[in-house]
Amino acid sequence: MNINISNANGEAIYLQIVNQIKALILEGKLKEGEMLPSMRNLAVELHISFMTTKRAYEELERDGFIESFTGKGSFVKAQNLELFREEQIKQIESLLMEAGDKARKTGITMQELHELLDLVNGGE
């Protein structure tokens with residue numbers, strides 16, 4: 001599993017792990033039932049603390065992306081299509097909030113922003 005950690009991007013390391021594993025699952029690069037590296041092995045591989053990987057796995061489990069079994073490990077959970085859709089909507093909302101902020105700062109009107117969205121969406 002290819003996870004890249006950056007100390008310079010301002011995001012907590014455990015969140016970087018969570019977001020990258022979620023992306024791998026949502027993109028289909030990690031499949032249902034696939035075993036994740038143990039928390040200890042991932043910590044060693046990434047040169048971070050065990051507690052950081054533990055926190056990341058706990059959040060992934062809480063969010064319904066993985067399931068863990070004592071003595072067996074952590075596995076990609078079958079994805080609920082509604083959960084997948086909700087995660088995608090959250091990502092889109094975040095991007096739209098960023099676009100809205102930039103539009104306000106540069107004086108772009110809501111009408112112009114709608115037109116831009118229509119344009120990038122193929123005129124739909």
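As the structure is a prediction and not an experimental result, all values here were calculated from the model.
- Of all heavy-atom pairs between Ser74 and Tyr57, the closest is OG-CD2, 3.5 Å.
- Taking the charged nitrogens against the carboxylate oxygens, Glu58 and Lys54 do have a contact shorter than 4.0 Å, which makes a salt bridge.
- Look at Lys102 and Glu98 and you find a salt bridge, because one of the NZ, NE, NH1 or NH2 atoms lies within 4.0 Å of a carboxylate O, short of that distance.
- Under 3.5 Å, the side chains of Ser94 and Gln91 contain no donor-acceptor pair of N or O atoms.
- Remark: Lys22 engages Asp63 in a side chain to side chain donor-acceptor pair (under 3.5 Å) (not counting sequence neighbours).
- The backbone N or O of Lys31 sits less than 3.5 Å from a side-chain atom of Glu34, completing a donor-acceptor pair.
- With hydrogens and angles ignored, the 3.5 Å screen pairs a side-chain donor or acceptor of Glu61 with a backbone N or O of Ser68.
- The side chain to side chain donor-acceptor pair (under 3.5 Å) search around Arg40 returns none, not counting sequence neighbours.
- The side-chain heavy atoms of Asn7 and Ile13, taken from C-beta on, include a pair separated by under 4.5 Å.
- Panel note: side chain Glu59, backbone Leu15; no donor-acceptor pair is recorded below 3.5 Å.
- When all heavy atoms are compared, the tightest approach of Leu26 to Phe65 is CD2-CE2, 3.9 Å.
- When side chains are defined from C-beta on, Ile21 does not count as touching Val76, because their heavy atoms never get closer than 4.5 Å.
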